[in-house]
Each structure stands twice: as C-alpha cells, then as structure tokens.
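Just below is one structure, and these are the notes that go with it.
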Amino acid sequence: MVSQQTVHWAETRLAAALVGIRRQLAYMYKFSKSSEEVRLRLPLPQTPWPKGSVSGVAEVLLEEFLLKPLLALNSASLTAELYRIKRRLMDSPFNHQAILVADKFAVSFDGHLLELPASCDLILAADVQSNTFTIALKASRPKQRSLVVQLKNTTVIIHPNEQVEVDCRNIHPPFTNPDVAIMRELNLLTVSNRRGLSVSCDPYLNVCSVMLDGWLHGMASGLLGTNDNEAGNEYPLPDGSQAQSLAEFTDDWQASSSCNTTRSGTCQKWTTVVPSCTLLFSSVTSPLSPCFRVIDPEQFLAVCEQRRCDSVDTSRTTPCRLALAYVHLCHRNYVSLELPIQCA
C-alpha cells in the first residue's frame with residue numbers, strides 16, 4: 001500500500017511538471033505536418049523599435065529560443081533526464097556517506113573528490129564533539145595502508161588482505177561486543193556501532209564507504225569533510241578553522257609528521273584496454289552518462305586527466321578507480337549503474 005501511494009505521488013508530480021512544459025512548448029512552437037516545418041512564435045514588447053533593430057532582435061531570439069534548445073535536445077540523453085527528474089522527486093537520504101577507493105581517492109560527505117597523499121597516515125573522519133570514533137588510514141606494510149576504526153573501547157583494523165583485527169587479535173566475522181558489530185555478507189565487510197556509525201568495505205572492488213546517521217549531523221571532521229551538507233566548510237582543519245589550500249588541508253590531517261606527500265614518478269602510457277578519461281566522464285556514449293545530469297562528472301574528469309599513471313591490473317588504473325567512486329556516488333543518488341566492462 002505504501003509503495004503504491006509513493007508511485008502514485010511520483011506519477012502525479014511528474015505529470016504536473018510535463019503538463020507545464022507542454023503548455024509552454026505548445027505556445028511557442030507549432031509543427032506543420034503538411035509543410036514539414038516548425039514555426040516559432042515570440043511576441044515582442046509593445047514599444048517603438050528603431051528602424052532595422054527588429055531583425056537583429058529576431059536573430060538573437062531565434063538563436064536563444066530555437067537553435068540552442070534544438071542543439072541541446074540533439075545531445076540530450078533521455079535516460080539521464082529521467083534520472084535527473086527522479087532524483088529531484090526523491091527525498092534526500094537521512095544519512096551521510098563518504099567513499100574511499102583503493103586508499104587513493106575519496107569522495108567527501110558533501111560529494112567533493114579528493115586525491116589522498118600516498119604513504120601517509122591520515123585521519124579520514126573523527127567525532128569532534130564527543131570523541132566516540134576516529135577513522136584513519138595507517139601504513140601496515142610497504143606501499144599498503146589499513147583502515148583503522150577507533151571506537152570508545154575497541155580498535156578495529158581492516159587490512160588489504162581482508163584480515164580483520166580487533167584489539168590486536170585476528171577475528172573471523174561475525175563478531176560482536178558491547179562496542180562494535182562486525183559482519184560479512186558475501187564480499188561486503190561491515191563494521192558498525194550503536195551510535196549510527198557504519199563502515200563497509202568490499203575488498204574485491206577495493207572500495208569502502210563511511211556512513212553516519214542523520215542524528216550525527218555536523219559531528220564529524222577530517223579529510224572526508226564535515227557531515228553538515230554545507231559545501232562552504234568542506235576543508236576544516238583540526239583547530240576548527242578552514243584551510244586556505246588543498247595542500248594545507250591534507251597536511252594538517254596527517255597522523256604522523258614523517259610523511260612523503262610527493263607523487264610517483266613519470267607515469268606510463270595507458271594501454272588501449274584502459275578507457276580514457278574523456279570516454280568515461282565526458283562522452284555521451286559513456287556507460288556512466290545516464291548519471292551525468294545527476295552527478296556532475298567535471299571534477300572526476302579533471303582529476304583523471306591530472307593522474308595518468310598506469311598499472312599492471314587495468315581495474316586499478318586511475319580512470320577505473322574514479323569510475324568506481326562515481327558509480328557508488330550515483331547509486332547513492334538513485335541512479336543504477338554498472339562499472340565499465342574494461343574496469344570490471
């Protein structure tokens with residue numbers, strides 16, 4: 001019953017929106033089947049026009065109201081437009097989610113993409129009010145970092161090899177104590193507590209998500225930003241001020257002073273198997289294009305173009321890692337996508 005009422009409400013909203021659009025289009029455009037032409041009607045203001053100015057105004061109006069809409073319509077994706085309408089009709093989730101991909105990239109609680117410094121111990125998120133949790137990346141072995149979830153009385157470490165430690169002891173999920181619950185379902189490993197924190201990792205895809213319930217609004221700070229839906233304070237420093245640059249922001253959330261933040265050396269060229277940045281985040285034929293009208297891919301394209309390092313495993317290249325982050329962000333916004341075949 002509830003689902004039927006929700007569908008009926010959504011159909012009513014969509015129908016009302018389409019009726020308004022149809023009336024505006026019917027007033028301005030008229031299609032003649034006999035002469036196979038489109039006529040545009042644009043009433044001009046009732047004011048005296050200087051000689052010769054009417055034709056100039058007509059040219060501008062034709063370009064703005066006829067040519068540009070037709071060009072936009074030609075390049076538009078019906079699927080993307082439907083997902084955009086669906087996102088506007090749906091309510092925003094009551095929780096906050098950030099995404100970590102291969103300990104290389106992160107998408108903050110407010111949707112900002114960030115490239116993480118390599119080989120550094122980093123504070124991703126921390127409860128700055130009650131100090132009930134801290135989530136960090138810490139080096140566990142050369143060129144590898146583990147995800148550390150520090151709760152009130154329990155420390156959980158998720159290693160890259162899927163091994164899980166609780167207070168320095170290896171455990172096999174399921175595991176529970178008064179402070180934490182650790183569950184495994186297929187490839188998904190979930191660490192959660194009763195206060196509304198949930199950390200889920202898929203070692204196979206090399207992606208983790210950090211989710212905070214709505215009643216933890218505004219309590220977190222770190223490299224994953226603040227969970228308060230305010231884009232203007234996305235680069236907070238540990239002292240509560242705002243960073244003046246991205247470098248200052250990442251430097252201040254390092255857990256250790258001895259850290260090499262320089263990027264890797266000369267990047268190799270990608271093979272033809274790896275999809276290009278433009279193909280993934282700009283092309284209308286991209287498998288990610290149905291989400292372009294919901295999640296702007298511009299920041300993903302910019303970071304992808306900056307980082308052109310290759311890897312032996314094509315699924316671990318920069319384009320595929322960013323595509324994975326983008327897919328998870330789209331799922332969060334009710335757009336169903338699959339990873340590109342080259343990245344699967």
Side-chain angles (χ1 to χ4, degrees), residues 96-152 154-161 165 167-168 191 197 199 201 206-212 216 218-228 230-265 267 299-300 302-303 306-307 309 316 318 321-322 325:
H96 308 271
Q97 186 184 46
I99 302 169
L100 177 69
V101 178
D103 79 8
K104 305 295 183 184
F105 300 99
V107 179
S108 72
F109 291 113
D110 284 337
H112 293 286
L113 179 64
L114 176 69
E115 183 180 1
L116 301 177
S119 306
C120 297
D121 293 350
L122 305 170
I123 304 297
L124 299 178
D127 180 357
V128 294
Q129 295 186 13
S130 305
N131 196 29
T132 59
F133 68 85
T134 299
I135 303 172
L137 276 176
K138 293 189 176 181
S140 57
R141 60 190 64 182
K143 296 184 179 181
Q144 284 190 331
R145 289 182 288 193
S146 298
L147 189 65
V148 180
V149 182
Q150 176 69 58
L151 302 174
K152 273 287 188 180
T154 306
T155 300
V156 180
I157 302 178
I158 304 174
H159 293 288
N161 60 359
E165 288 185 24
D167 295 333
C168 301
V191 178
L197 167 69
V199 178
C201 292
N206 210 358
V207 61
C208 293
S209 67
V210 178
M211 189 172 295
L212 301 177
L216 295 176
M219 294 179 61
S221 187
L223 282 177
L224 297 180
T226 54
N227 60 325
D228 58 1
E230 295 290 340
N233 61 354
E234 195 60 13
Y235 297 140
L237 297 178
D239 61 3
S241 62
Q242 289 292 308
Q244 300 301 312
S245 66
L246 189 58
E248 180 187 6
F249 176 58
T250 54
D251 288 346
D252 276 36
W253 286 109
Q254 294 176 15
S256 60
S257 57
S258 57
C259 175
N260 179 20
T261 59
T262 58
R263 290 181 174 178
S264 56
C267 296
Q299 61 175 336
F300 289 85
V303 173
Q306 292 171 6
R307 300 295 291 150
C309 286
R316 298 182 183 275
T318 292
R321 284 169 171 168
L322 291 173

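Residues satisfying the ring-ring contact (aromatic ring centres under 6.0 Å, His included) criterion with Phe300, sequence neighbours excluded, are Phe281, Tyr326. For the salt bridge (Lys or Arg N to Asp or Glu O under 4.0 Å) test, residues two or more places apart in sequence or in another chain that qualify with Asp103 are Arg145. Residues passing the side-chain contact (heavy atoms from CB on, under 4.5 Å) test with Ala243 are Tyr235, Leu237, Glu248, Phe249, sequence neighbours excluded.
Atom CG in Leu122 sits 12.0 Å away from atom CG in Asp252 (nearest 0.5 Å). Atom CD of residue Glu115 and atom OG1 of residue Thr250 lie 10.0 Å apart, to the nearest 0.5 angstrom. With rounding to the nearest 0.5 angstrom, the CG atom of Leu216 is 8.0 Å from the NE2 atom of His96. Leu224 contributes atom CG, which lies 12.5 Å from atom NE2 of His112 (distance to the nearest 0.5 angstrom). Atom-to-atom distance recorded for Leu124:CG and Leu137:CG is 4.5 Å, nearest 0.5 angstrom.
Side-chain polar atoms of Asp110 and Ser108 form no donor-acceptor pair below 3.5 angstrom.
Listed here is the closest heavy atom pair of Ala126 and Ile123: CB-CG2, 4.3 Å. The two residues Lys152 and Ser130 make their nearest non-hydrogen contact at NZ-O, 3.7 Å. The two residues Asp228 and Gly218 have their closest heavy-atom pair at CB-CA, 4.1 Å. Nearest heavy-atom pair, Asp239 versus Ser241, reported as atom, atom and distance to 0.1 Å: OD1-OG, 2.6 Å. The two residues Pro236 and Gly225 come nearest to each other via the heavy atoms CD-CA, 4.4 Å.
Listed for the Asp127 side chain is no donor-acceptor partner under 3.5 Å among the backbone atoms of Ala220. Using modelled atom types, one side-chain atom of Asp121 and one backbone atom of Ala139 make a donor-acceptor pair closer than 3.5 Å. In this structure, Asn227 contributes its side chain and Met219 its backbone to a donor-acceptor pair below 3.5 Å. With hydrogens and angles ignored, the 3.5 Å screen pairs no side-chain donor or acceptor of Trp253 with any backbone N or O of Ser221. Proximity of a side-chain donor or acceptor of Glu165 to a complementary backbone N or O of His159 within less than 3.5 Å is not detected.
Side-chain contact between Gln97 and Val210: absent, with no pair of heavy atoms (C-beta onward) separated by less than 4.5 Å. Contact of the Asp167 side chain with the Thr154 side chain is registered, since non-hydrogen atoms from C-beta on lie closer than 4.5 Å. Contact annotation: the side chain of Phe105 never approaches that of Ile99 to less than 4.5 Å [non-hydrogen atoms, C-beta and beyond].
Between Gln299 and the choices Leu114, Leu322, Leu113, the side chain to side chain contact (heavy atoms under 4.5 Å, CB included) rule is met once, by Leu113. Each of Val156, Leu147, Leu100 was scored for a side chain to side chain contact (heavy atoms under 4.5 Å, CB included) with Val199, with one residue passing: Leu147.
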Residue pair Ile135, Leu197: steps toward the side-chain contact (heavy atoms from CB on, under 4.5 Å) verdict:
CA-CA 10 Å; Ile135 303 172; Leu197 167 69; 3.8 Å; yes
